[in-house]
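Worksheet: one structure, shown below.
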There are 2 protein chains.
Amino acid sequence: MRLLLVEDDLILKDGLERSFVKSGYAVDVISDGEGANKLLTYQEYDVIVLDLGLPKLSGFEVLKRLRARGSNTPVLILTALEDTQNRVKGLDLGADDYLTKPFELAELEARVRALIRRGVSGGSAKISFGGLVFDTTNRQCMVGDVALSLSAREMALLELLILKATKVVSKVKIMEHLCSWDEEISENAVEVIVSRLRKKLLVFGVEIKTIRGLGYLLAKLETN
Amino acid sequence: MRLLLVEDDLILKDGLERSFVKSGYAVDVISDGEGANKLLTYQEYDVIVLDLGLPKLSGFEVLKRLRARGSNTPVLILTALEDTQNRVKGLDLGADDYLTKPFELAELEARVRALIRRGVSGGSAKISFGGLVFDTTNRQCMVGDVALSLSAREMALLELLILKATKVVSKVKIMEHLCSWDEEISENAVEVIVSRLRKKLLVFGVEIKTIRGLGYLLAKLETN
DNA sequence: GATTAGCTGTCAGTTTCACGTCAGCTTGAT
DNA sequence: ATCAAGCTGACGTGAAACTGACAGCTAATC
């Protein structure tokens with residue numbers, strides 16, 4: 001899942017990025033409002049963590065313009081403790097959740113996860129497909145009571161495919177969701193990851209179908 | 001989705017039309033205000049992209065009369081950079097969004113998408129025809145809860161036919177829709193693609209009728 | 001700091017299949 | 001009957017996708 005972190009505090013920025021990356025997100029970080037606003041006109045994210053106190057363009061403005069553009073990407077805002085008024089203002093402007101500094105890292109992560117889920121699976125922490133049960137909280141995929149042994153990349157791909165259910169996901173989309181700005185992978189790399197995941201899923205009656213020129217989609221295996 | 005582009009600049013007109021068509025819109029283009037106004041009295045659109053500087057009847061007038069007729073079709077206006085005053089005037093008159101020239105094509109498309117999403121209830125970009133449901137955002141065609149297995153070309157053709165509903169679509173239009181700029185395909189190629197798609201749709205009670213010398217149209221199968 | 005194990009991207013050789021071409025046929029208008 | 005427009009099965013081709021092998025990297029263990 002691709003996450004945008006808008007935060008100007010150096011220490012916080014680094015800490016959060018590190019922790020999100022570790023949790024398997026593709027993270028982009030930007031530290032001023034103007035840049036964030038510009039970035040958001042052409043790049044889609046699954047979730048945005050937005051500090052309100054920003055240089056150049058306030059977090060409010062960024063949020064307001066994002067919503068004005070019709071985006072419904074989930075946004076979590078970070079506010080200072082005493083700043084109740086701004087918190088309310090943020091929610092009015094279309095934020096989906098807020099957190100007051102200082103906060104527990106675990107709580108932030110939990111809320112971010114909740115936001116991502118809300119849009120897709122009706123808020124449930126576990127999404128099932130065929131015989132698979134994908135646990136978004138622990139980032140684990142179970143078959144019965146056995147955990148599938150998947151690598152980080154495979155897990156991230158499966159997460160994306162399972163969230164999109166039976167919809168076609170293009171190779172470019174996959175690249176975008178697995179990678180943040182600085183890293184970059186080839187189309188062939190995606191093919192390789194697909195190939196490896198496909199082999200593992202096939203055993204459990206789940207198939208990754210290829211739609212030539214368009215992308216991939218998850219489907220139940222038709223047993224002929 | 002049906003889009004009206006009102007623009008008199010030749011180059012801009014062509015570029016925008018091409019790009020919108022490629023993105024799967026059914027695009028009508030008209031280059032003067034009077035014509036636009038007339039057209040809008042009897043033709044509904046999902047979204048209108050309206051340049052303000054037009055011959056015969058200004059964009060303002062077109063917009064004003066449209067709203068006076070009680071229409072709430074989303075309108076995005078294009079203005080020159082320095083023209084802040086007109087921008088404000090446009091928004092007052094009932095435009096839903098504006099963009100100043102010069103602009104990024106990607107941004108225009110994003111905003112148009114946003115307008116459509118905002119307007120349509122639930123943001124469903126789905127068009128149904130007979131038993132088919134065509135999902136334009138995911139580029140997928142469903143019958144019940146099964147996804148039709150179509151190739152890229154077939155999908156593009158079906159998209160065009162379904163967007164134009166029961167109207168006749170000429171072979172040339174199809175060629176334009178399926179090909180970009182440089183590549184080019186023969187008329188016979190179109191016939192082949194039609195033939196292949198036709199076979200797949202027939203199973204689901206949807207027919208592609210041939211109108212000799214004019215083109216093709218989508219129709220519900222009459223079971224005699 | 002050496003060793004090992006697992007992950008992940010690159011490469012190259014192979015396979016697959018979508019699509020345009022063609023040819024022969026059908027249809028329909030005059 | 002003639003002719004043009006359209007249909008469609010067969011086929012070849014080239015691009016897209018697949019995948020086994022490999023190498024660089026990281027993280028863990030001793």
Side-chain angles (χ1 to χ4, degrees), chain A residues 18-19 21-26 139-141 147-161 168-180 182-203 207-219, chain B residues 139-141 147-161 168-180 182-203 207-219:
Chain A
R18 204 182 302 265
S19 127
V21 166
K22 208 167 173 185
S23 303
Y25 295 92
R139 305 198 94 240
Q140 247 186 0
C141 189
L148 275 194
S149 157
L150 301 179
S151 75
R153 275 277 134 100
E154 287 160 5
M155 193 71 80
L157 173 61
L158 178 57
E159 182 180 29
L160 180 61
L161 289 175
V168 178
V169 185
S170 75
K171 239 179 277 193
V172 177
K173 259 254 146 68
I174 292 173
M175 284 157 70
E176 279 177 3
H177 275 264
L178 298 193
C179 298
S180 50
D182 37 6
E183 46 173 351
E184 202 165 317
I185 55 174
S186 66
E187 297 222 338
N188 182 246
V190 174
E191 289 162 15
V192 172
I193 299 169
V194 167
S195 168
R196 299 207 250 251
L197 179 61
R198 176 178 276 157
K199 205 188 287 179
K200 292 187 184 178
L201 294 186
L202 219 51
V203 184
E207 184 187 9
I208 301 179
K209 276 193 182 165
T210 304
I211 314 294
R212 256 181 183 242
L214 292 179
Y216 300 94
L217 64 78
L218 215 56
Chain B
R139 307 201 94 239
Q140 221 168 19
C141 189
L148 274 195
S149 163
L150 301 178
S151 77
R153 277 277 137 96
E154 287 159 4
M155 192 73 78
L157 173 61
L158 177 57
E159 182 179 34
L160 180 60
L161 289 175
V168 178
V169 184
S170 75
K171 240 179 275 193
V172 178
K173 260 259 145 61
I174 293 174
M175 283 157 70
E176 278 173 8
H177 184 76
L178 298 191
C179 295
S180 61
D182 39 7
E183 47 173 352
E184 203 166 316
I185 56 174
S186 68
E187 297 223 340
N188 181 246
V190 174
E191 289 162 14
V192 172
I193 298 168
V194 168
S195 167
R196 297 206 252 251
L197 179 62
R198 179 178 273 157
K199 204 189 288 180
K200 291 189 185 178
L201 293 186
L202 221 50
V203 184
E207 185 186 7
I208 301 179
K209 279 192 179 163
T210 304
I211 313 296
R212 257 187 174 240
L214 292 178
Y216 301 92
L217 63 78
L218 214 56

Rounded to whole Å, please give me the gap between CD in E183(A) and P in dC25(D). 16 Å
In whole angstroms, the gap separating C1' of dC19(C) from CE of M155(B) amounts to 16 Å
Answer with yes or no whether the side chains of S170(A) and R139(B) bring together a donor and an acceptor at under 3.5 Å. no
Once side chain to side chain donor-acceptor pair (under 3.5 Å) is applied, do any residues pair with S151(B), and if so which ones, sequence neighbours excluded? none
How does protein contact run along nucleotides 14-22 of chain D, one letter per nucleotide 5' to 3', with B for base contact, S for sugar-phosphate only, - for none, heavy atoms under 4.0 Å? -BBSBBS--
Does a nitrogen or oxygen in the side chain of S186(B) sit under 4.0 Å from OP1 or OP2 of dT21(C)? yes
Partners of S23(A) by side chain to side chain donor-acceptor pair (under 3.5 Å), sequence neighbours excluded? E109(A)
Output all residues satisfying side-chain contact (heavy atoms from CB on, under 4.5 Å) with E184(A), sequence neighbours left out; order by chain, then residue number. none
Output the rounded distance in Å from CD1 (I185(A)) to C1' (dC25(D)). 16 Å
Suppose we screen for side chain to side chain donor-acceptor pair (under 3.5 Å). Which residues come up paired with R196(B), at least two apart in sequence or across chains? none
What is the distance, rounded to the nearest whole Å, between atom CG of L197(B) and atom P of dC7(D)? 12 Å
Could you list the residues that satisfy side chain to side chain donor-acceptor pair (under 3.5 Å) with E191(A), not counting sequence neighbours? K171(A), N188(A)
